[in-house]
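First up is the structure itself, then whatever we jot down about it.
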Amino acid sequence: MTAYKLPPIDPSEITPRDLFQDRRRFMQLAAGASLSALLPHTVLAGEQLAGVTKSTDPLAAELTPYKDVTSYNNFYEFGTGKEDPTQNAGNLKTRPWTITVEGEVNKPKVFDIDELLKLAPLEERIYRLRCVEAWSMVIPWIGFPLAELLKRVEPTGNAKFVEFISLHDPEQMAGQKSPVLNWPYKEGLRMDEAMHPLTLLTVGLYGEVLPKQNGAPVRIVIPWKYGFKSAKSIVKIRLVEKQPDTSWMQAGPNEYGFYANVNPAVDHPRWSQAKERRIGDFLKRPTLPFNGYGDQVAQLYAGMDLNKNF
Ligand SMILES: Nc1nc2c(c(=O)[nH]1)N[C@H]1C(S)=C(S)[C@@H](COP(=O)(O)O)O[C@H]1N2
Ligand SMILES: [Mo]
(Lines give C-alpha, C1' and ligand atoms only; values in the text may rest on other atoms or scores of the structure.)
(Ligands and ions follow the chains in the order given, each with its own letter.)
Protein backbone atom coordinates (compact mmCIF):
# COMPACT_ATOMS: atom_id res chain seq x y z
CA MET A 1 0.00 0.00 0.00
CA THR A 2 1.17 3.52 -0.76
CA ALA A 3 2.53 5.34 2.28
CA TYR A 4 0.49 8.49 2.64
CA LYS A 5 2.01 11.44 4.40
CA LEU A 6 0.38 11.95 7.76
CA PRO A 7 -1.26 15.35 7.91
CA PRO A 8 0.17 17.91 10.29
CA ILE A 9 -2.33 17.66 13.10
CA ASP A 10 -1.19 18.49 16.56
CA PRO A 11 -3.69 19.70 19.15
CA SER A 12 -1.20 22.23 20.47
CA GLU A 13 -1.47 24.11 17.17
CA ILE A 14 -4.95 25.32 17.90
CA THR A 15 -4.15 26.85 21.26
CA PRO A 16 -3.26 30.38 20.12
CA ARG A 17 -6.50 30.71 18.19
CA ASP A 18 -8.54 29.43 21.10
CA LEU A 19 -6.88 31.87 23.40
CA PHE A 20 -7.58 34.66 20.94
CA GLN A 21 -11.23 33.71 20.67
CA ASP A 22 -11.64 33.40 24.36
CA ARG A 23 -10.05 36.78 24.95
CA ARG A 24 -12.32 38.33 22.35
CA ARG A 25 -15.43 36.82 23.90
CA PHE A 26 -14.32 37.83 27.36
CA MET A 27 -13.93 41.41 26.18
CA GLN A 28 -17.38 41.34 24.57
CA LEU A 29 -18.88 40.09 27.81
CA ALA A 30 -16.92 42.59 29.84
CA ALA A 31 -18.17 45.35 27.54
CA GLY A 32 -21.70 44.39 28.58
CA ALA A 33 -22.85 42.58 25.46
CA SER A 34 -25.72 40.27 26.32
CA LEU A 35 -25.28 36.60 25.57
CA SER A 36 -27.83 36.80 22.78
CA ALA A 37 -25.77 39.52 21.10
CA LEU A 38 -23.00 36.98 20.81
CA LEU A 39 -25.28 34.50 19.10
CA PRO A 40 -24.98 34.15 15.37
CA HIS A 41 -28.34 35.19 13.95
CA THR A 42 -27.00 38.45 12.60
CA VAL A 43 -24.21 36.82 10.61
CA LEU A 44 -26.09 34.04 8.81
CA ALA A 45 -24.87 33.97 5.24
CA GLY A 46 -26.76 31.32 3.32
CA GLU A 47 -30.15 30.35 1.98
CA GLN A 48 -32.67 29.48 4.71
CA LEU A 49 -34.21 25.99 4.81
CA ALA A 50 -38.00 25.93 5.10
CA GLY A 51 -40.20 23.67 7.22
CA VAL A 52 -37.60 22.55 9.74
CA THR A 53 -38.78 21.21 13.11
CA LYS A 54 -36.81 23.15 15.72
CA SER A 55 -34.87 21.38 18.45
CA THR A 56 -35.57 21.89 22.13
CA ASP A 57 -32.34 20.20 23.21
CA PRO A 58 -30.81 21.74 26.35
CA LEU A 59 -27.52 21.89 24.40
CA ALA A 60 -29.03 24.97 22.70
CA ALA A 61 -27.47 26.97 25.55
CA GLU A 62 -24.00 25.86 24.44
CA LEU A 63 -24.10 26.47 20.70
CA THR A 64 -20.76 27.25 19.09
CA PRO A 65 -21.07 30.57 17.22
CA TYR A 66 -21.96 30.29 13.52
CA LYS A 67 -18.75 32.09 12.63
CA ASP A 68 -16.61 29.38 14.25
CA VAL A 69 -18.74 26.52 12.91
CA THR A 70 -18.20 27.84 9.38
CA SER A 71 -14.61 29.07 9.51
CA TYR A 72 -12.77 26.46 11.60
CA ASN A 73 -13.14 23.26 9.57
CA ASN A 74 -11.53 20.02 8.53
CA PHE A 75 -12.11 19.35 4.84
CA TYR A 76 -8.82 18.27 3.32
CA GLU A 77 -10.17 18.41 -0.23
CA PHE A 78 -9.81 22.17 0.22
CA GLY A 79 -6.53 22.20 2.16
CA THR A 80 -5.26 20.97 5.51
CA GLY A 81 -5.45 24.31 7.34
CA LYS A 82 -8.51 24.97 9.52
CA GLU A 83 -9.34 28.13 7.59
CA ASP A 84 -8.62 26.68 4.14
CA PRO A 85 -12.12 25.21 3.60
CA THR A 86 -13.91 28.49 4.27
CA GLN A 87 -11.55 30.23 1.85
CA ASN A 88 -11.40 27.59 -0.88
CA ALA A 89 -14.78 25.79 -0.92
CA GLY A 90 -16.74 28.76 -2.33
CA ASN A 91 -16.70 27.54 -5.94
CA LEU A 92 -17.82 23.98 -5.23
CA LYS A 93 -20.78 23.27 -7.53
CA THR A 94 -23.58 21.74 -5.45
CA ARG A 95 -26.20 21.62 -8.25
CA PRO A 96 -26.86 19.41 -10.05
CA TRP A 97 -25.88 16.80 -7.43
CA THR A 98 -26.86 13.17 -7.06
CA ILE A 99 -26.26 10.48 -4.48
CA THR A 100 -26.06 6.94 -5.81
CA VAL A 101 -27.22 4.30 -3.34
CA GLU A 102 -26.16 0.82 -4.48
CA GLY A 103 -24.67 -2.53 -3.52
CA GLU A 104 -26.52 -5.00 -1.31
CA VAL A 105 -29.97 -3.47 -1.85
CA ASN A 106 -33.11 -4.59 -3.67
CA LYS A 107 -33.84 -1.12 -5.03
CA PRO A 108 -30.65 0.73 -5.97
CA LYS A 109 -31.40 4.33 -6.77
CA VAL A 110 -29.80 7.59 -7.83
CA PHE A 111 -31.29 10.37 -5.71
CA ASP A 112 -31.21 13.93 -6.92
CA ILE A 113 -30.33 16.24 -4.05
CA ASP A 114 -33.60 18.16 -4.32
CA GLU A 115 -35.55 14.89 -4.25
CA LEU A 116 -33.49 13.86 -1.22
CA LEU A 117 -34.43 17.07 0.61
CA LYS A 118 -38.09 16.01 0.38
CA LEU A 119 -37.58 12.38 1.39
CA ALA A 120 -38.35 12.88 5.07
CA PRO A 121 -39.26 15.80 7.34
CA LEU A 122 -36.24 17.98 8.15
CA GLU A 123 -35.36 18.23 11.82
CA GLU A 124 -32.92 20.39 13.68
CA ARG A 125 -30.61 18.28 15.88
CA ILE A 126 -28.14 19.89 18.24
CA TYR A 127 -25.13 17.58 18.52
CA ARG A 128 -21.67 17.83 20.00
CA LEU A 129 -18.95 17.34 17.38
CA ARG A 130 -15.75 15.94 18.90
CA CYS A 131 -12.76 16.03 16.60
CA VAL A 132 -10.03 13.44 17.09
CA GLU A 133 -7.65 16.41 17.46
CA ALA A 134 -9.24 17.07 20.89
CA TRP A 135 -11.35 20.12 20.12
CA SER A 136 -15.13 20.19 20.01
CA MET A 137 -18.12 22.27 18.99
CA VAL A 138 -21.90 22.19 19.49
CA ILE A 139 -23.74 22.52 16.19
CA PRO A 140 -27.45 22.78 15.27
CA TRP A 141 -27.53 20.43 12.28
CA ILE A 142 -30.52 19.95 9.98
CA GLY A 143 -31.37 16.66 8.33
CA PHE A 144 -33.15 13.37 8.83
CA PRO A 145 -32.08 9.92 10.02
CA LEU A 146 -30.00 8.06 7.44
CA ALA A 147 -32.26 5.08 8.20
CA GLU A 148 -35.06 6.88 6.31
CA LEU A 149 -32.99 6.72 3.13
CA LEU A 150 -31.66 3.19 3.68
CA LYS A 151 -35.12 1.73 4.29
CA ARG A 152 -36.23 3.02 0.89
CA VAL A 153 -33.57 1.06 -1.00
CA GLU A 154 -34.34 -2.18 0.89
CA PRO A 155 -31.02 -3.55 2.15
CA THR A 156 -30.56 -7.27 1.49
CA GLY A 157 -29.53 -9.79 4.16
CA ASN A 158 -25.93 -9.43 2.99
CA ALA A 159 -25.76 -5.73 3.83
CA LYS A 160 -23.48 -5.67 6.90
CA PHE A 161 -21.73 -2.31 6.41
CA VAL A 162 -22.35 1.02 4.73
CA GLU A 163 -19.65 2.85 2.80
CA PHE A 164 -19.76 6.62 2.21
CA ILE A 165 -17.85 8.12 -0.71
CA SER A 166 -17.22 11.83 -1.07
CA LEU A 167 -16.88 13.73 -4.35
CA HIS A 168 -13.64 13.17 -6.29
CA ASP A 169 -12.99 16.16 -8.53
CA PRO A 170 -9.48 17.64 -8.30
CA GLU A 171 -10.55 20.47 -10.64
CA GLN A 172 -12.95 21.70 -7.98
CA MET A 173 -11.11 20.36 -4.96
CA ALA A 174 -7.49 21.42 -5.30
CA GLY A 175 -6.50 19.53 -2.15
CA GLN A 176 -7.03 16.31 -4.10
CA LYS A 177 -4.04 17.19 -6.27
CA SER A 178 -1.81 16.12 -3.38
CA PRO A 179 -1.89 12.67 -1.80
CA VAL A 180 -2.58 13.84 1.76
CA LEU A 181 -5.31 11.20 1.84
CA ASN A 182 -6.30 8.37 -0.46
CA TRP A 183 -8.97 10.13 -2.54
CA PRO A 184 -11.90 10.10 -2.74
CA TYR A 185 -12.54 10.48 1.00
CA LYS A 186 -14.13 7.24 2.15
CA GLU A 187 -15.79 6.36 5.42
CA GLY A 188 -17.98 3.59 6.72
CA LEU A 189 -20.31 2.34 9.43
CA ARG A 190 -21.60 -1.01 10.55
CA MET A 191 -25.22 -1.51 9.47
CA ASP A 192 -26.66 -1.12 12.99
CA GLU A 193 -24.73 2.14 13.45
CA ALA A 194 -25.97 3.42 10.11
CA MET A 195 -29.57 2.55 11.02
CA HIS A 196 -29.33 4.12 14.49
CA PRO A 197 -31.76 7.05 14.84
CA LEU A 198 -28.95 9.41 15.95
CA THR A 199 -27.12 8.98 12.62
CA LEU A 200 -28.14 12.02 10.63
CA LEU A 201 -28.09 12.60 6.89
CA THR A 202 -27.34 16.28 7.08
CA VAL A 203 -28.27 19.04 4.64
CA GLY A 204 -28.11 22.18 6.76
CA LEU A 205 -27.03 23.94 9.93
CA TYR A 206 -28.17 27.00 11.86
CA GLY A 207 -31.42 27.05 9.88
CA GLU A 208 -29.74 27.30 6.51
CA VAL A 209 -28.53 25.18 3.63
CA LEU A 210 -25.26 23.45 4.56
CA PRO A 211 -22.33 25.81 3.92
CA LYS A 212 -19.83 24.38 1.42
CA GLN A 213 -17.01 24.21 3.96
CA ASN A 214 -19.25 22.04 6.16
CA GLY A 215 -19.84 19.45 3.43
CA ALA A 216 -22.51 20.75 1.07
CA PRO A 217 -24.83 19.65 -0.22
CA VAL A 218 -25.06 16.53 1.96
CA ARG A 219 -22.94 14.85 4.63
CA ILE A 220 -23.29 12.35 7.43
CA VAL A 221 -23.16 13.26 11.12
CA ILE A 222 -22.58 10.53 13.71
CA PRO A 223 -22.52 12.34 17.04
CA TRP A 224 -20.92 9.61 19.20
CA LYS A 225 -17.90 9.17 16.90
CA TYR A 226 -14.85 11.29 16.17
CA GLY A 227 -15.54 13.93 13.53
CA PHE A 228 -13.59 12.20 10.77
CA LYS A 229 -16.35 9.55 10.48
CA SER A 230 -18.74 12.28 9.26
CA ALA A 231 -17.95 12.26 5.53
CA LYS A 232 -18.74 15.47 3.66
CA SER A 233 -20.07 16.16 0.14
CA ILE A 234 -21.18 12.56 -0.37
CA VAL A 235 -21.91 11.24 -3.88
CA LYS A 236 -22.23 7.53 -3.20
CA ILE A 237 -23.53 5.25 -0.45
CA ARG A 238 -22.71 1.59 -0.93
CA LEU A 239 -24.11 -1.25 1.16
CA VAL A 240 -21.54 -4.01 1.44
CA GLU A 241 -20.89 -7.33 3.12
CA LYS A 242 -17.31 -6.71 4.33
CA GLN A 243 -16.01 -3.91 6.52
CA PRO A 244 -14.88 -1.22 4.06
CA ASP A 245 -11.49 0.47 4.13
CA THR A 246 -11.56 4.16 5.00
CA SER A 247 -9.21 6.94 3.89
CA TRP A 248 -8.03 7.58 7.45
CA MET A 249 -7.39 3.90 8.18
CA GLN A 250 -5.27 3.80 5.03
CA ALA A 251 -3.39 6.93 6.10
CA GLY A 252 -2.66 5.77 9.65
CA PRO A 253 -3.99 2.38 10.71
CA ASN A 254 -2.60 2.70 14.25
CA GLU A 255 -4.13 6.12 14.71
CA TYR A 256 -7.57 5.98 13.11
CA GLY A 257 -9.72 2.93 13.65
CA PHE A 258 -12.90 1.88 11.92
CA TYR A 259 -15.13 2.38 14.97
CA ALA A 260 -13.69 5.70 16.19
CA ASN A 261 -16.17 5.97 19.03
CA VAL A 262 -15.33 8.96 21.21
CA ASN A 263 -13.52 7.38 24.15
CA PRO A 264 -11.62 9.32 26.82
CA ALA A 265 -10.04 6.06 28.03
CA VAL A 266 -8.34 5.18 24.74
CA ASP A 267 -5.68 7.67 23.71
CA HIS A 268 -4.63 8.53 20.20
CA PRO A 269 -1.00 7.31 19.91
CA ARG A 270 0.21 10.92 19.72
CA TRP A 271 -2.03 12.59 22.31
CA SER A 272 -4.52 12.01 25.10
CA GLN A 273 -8.25 11.85 24.41
CA ALA A 274 -9.21 12.41 28.06
CA LYS A 275 -10.04 16.09 27.59
CA GLU A 276 -11.14 18.42 24.87
CA ARG A 277 -11.20 22.13 24.24
CA ARG A 278 -14.61 23.42 23.24
CA ILE A 279 -13.89 26.06 20.60
CA GLY A 280 -14.27 29.41 22.32
CA ASP A 281 -13.47 28.08 25.81
CA PHE A 282 -10.30 28.74 27.73
CA LEU A 283 -10.24 25.66 29.95
CA LYS A 284 -10.42 22.10 28.69
CA ARG A 285 -13.30 19.90 29.77
CA PRO A 286 -13.43 16.13 30.27
CA THR A 287 -14.38 14.15 27.18
CA LEU A 288 -17.48 12.02 27.67
CA PRO A 289 -17.63 8.34 26.65
CA PHE A 290 -19.43 8.11 23.32
CA ASN A 291 -19.35 11.92 23.34
CA GLY A 292 -22.22 11.95 25.86
CA TYR A 293 -24.50 9.63 23.84
CA GLY A 294 -23.64 6.42 25.74
CA ASP A 295 -27.19 5.87 27.01
CA GLN A 296 -28.32 5.61 23.43
CA VAL A 297 -25.45 3.79 21.72
CA ALA A 298 -23.25 1.91 24.21
CA GLN A 299 -25.29 -1.28 23.77
CA LEU A 300 -24.24 -1.43 20.10
CA TYR A 301 -20.77 -2.36 21.36
CA ALA A 302 -21.65 -4.72 24.20
CA GLY A 303 -18.98 -7.39 24.54
CA MET A 304 -16.51 -5.67 22.19
CA ASP A 305 -12.99 -4.79 23.31
CA LEU A 306 -12.95 -1.04 22.72
CA ASN A 307 -9.16 -0.91 23.08
CA LYS A 308 -8.83 -3.17 20.09
CA ASN A 309 -11.81 -1.83 18.19
CA PHE A 310 -10.79 1.83 18.57
N1 LIG B 1 -14.88 14.58 2.61
C2 LIG B 1 -14.38 14.91 3.81
N3 LIG B 1 -15.16 14.76 4.90
C4 LIG B 1 -14.69 15.11 6.13
C5 LIG B 1 -13.36 15.58 6.30
C6 LIG B 1 -12.55 15.71 5.12
O7 LIG B 1 -11.38 16.13 5.17
N8 LIG B 1 -13.10 15.38 3.91
N9 LIG B 1 -12.89 15.88 7.56
C10 LIG B 1 -13.58 15.22 8.70
C11 LIG B 1 -13.16 15.73 10.00
S12 LIG B 1 -11.63 15.26 10.55
C13 LIG B 1 -14.01 16.45 10.82
S14 LIG B 1 -13.56 16.88 12.40
C15 LIG B 1 -15.33 16.92 10.32
C16 LIG B 1 -15.43 18.43 10.47
O17 LIG B 1 -16.71 18.89 10.16
P18 LIG B 1 -17.01 20.46 10.20
O19 LIG B 1 -15.90 21.16 9.46
O20 LIG B 1 -18.34 20.65 9.57
O21 LIG B 1 -17.02 20.86 11.65
O22 LIG B 1 -15.54 16.59 8.95
C23 LIG B 1 -15.09 15.29 8.56
N24 LIG B 1 -15.52 14.98 7.22
MO1 LIG C 1 -11.65 15.65 12.89
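Each ligand, and each atom within it, is numbered from 1 in the order the structure gives. What you see is a predicted model; the values in this text were computed from it and never measured.
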Self-check item: side-chain hydrogen bond (donor to acceptor under 3.5 Å, both in side chains) between Asn74 and Lys82, worked out
Solution: CA-CA 6 Å; Asn74 270 342; Lys82 298 286 179 255; 2.7 Å; yes

Exercise. Determine, using heavy atoms of Glu187 and all atoms of ligand 1, whether some pair is separated by less than 4.0 Å.
Key: no

Quiz item: Looking at atom 3 (N) of ligand 1, what's its closest protein heavy atom, distance included?
Solution: Lys232 N, 3.1 Å

Quiz item: How close does the nearest protein non-hydrogen atom get to atom 10 (C) of ligand 1, and which residue and atom is it?
Solution: Tyr185 OH, 3.5 Å

Self-check item: Polar atom proximity, Tyr76 to ligand 1 (N or O, under 3.5 Å)
Solution: yes

Quiz item: Under 3.5 Å between some N or O of ligand 1 and some N or O of Trp135?
Solution: no

Practice problem: Check each heavy atom of Met137 against ligand 1 and say whether those closer than 4.0 Å belong to the side chain, the backbone, both or neither. | Solution: neither

Quiz item: Any ion pair linking Glu276 and Arg128 (charged N to carboxylate O, less than 4.0 Å)?
Solution: no

Quiz item: Once you round to the nearest 0.5 Å, how far does CD of Glu171 lie from CG of Asn91?
Solution: 12.5 Å

Practice problem: Would you tell me which option among Ala231, Gly79, Gly227 has the nearest heavy-atom contact to atom 15 (C) of ligand 1? | Solution: Gly227

Quiz item: Can you find an N or O of Glu133 that's nearer than 3.5 Å to an N or O of ligand 1?
Solution: no

Quiz item: What pair of heavy atoms forms the shortest contact from Phe290 to Ala298, and how long is it?
Solution: CE1-CB, 3.7 Å

Quiz item: Any non-hydrogen atom of Ser230 lying under 4.0 Å from ligand 1?
Solution: yes

Quiz item: Charged N to carboxylate O under 4.0 angstrom, Lys229 versus Glu193?
Solution: no

Quiz item: Asn214 to ligand 1: N or O pair under 3.5 Å?
Solution: yes

Practice problem: Around atom 1 (N) of ligand 1, find the nearest protein heavy atom and jot down its residue, atom name and distance. | Solution: Glu77 OE2, 2.9 Å

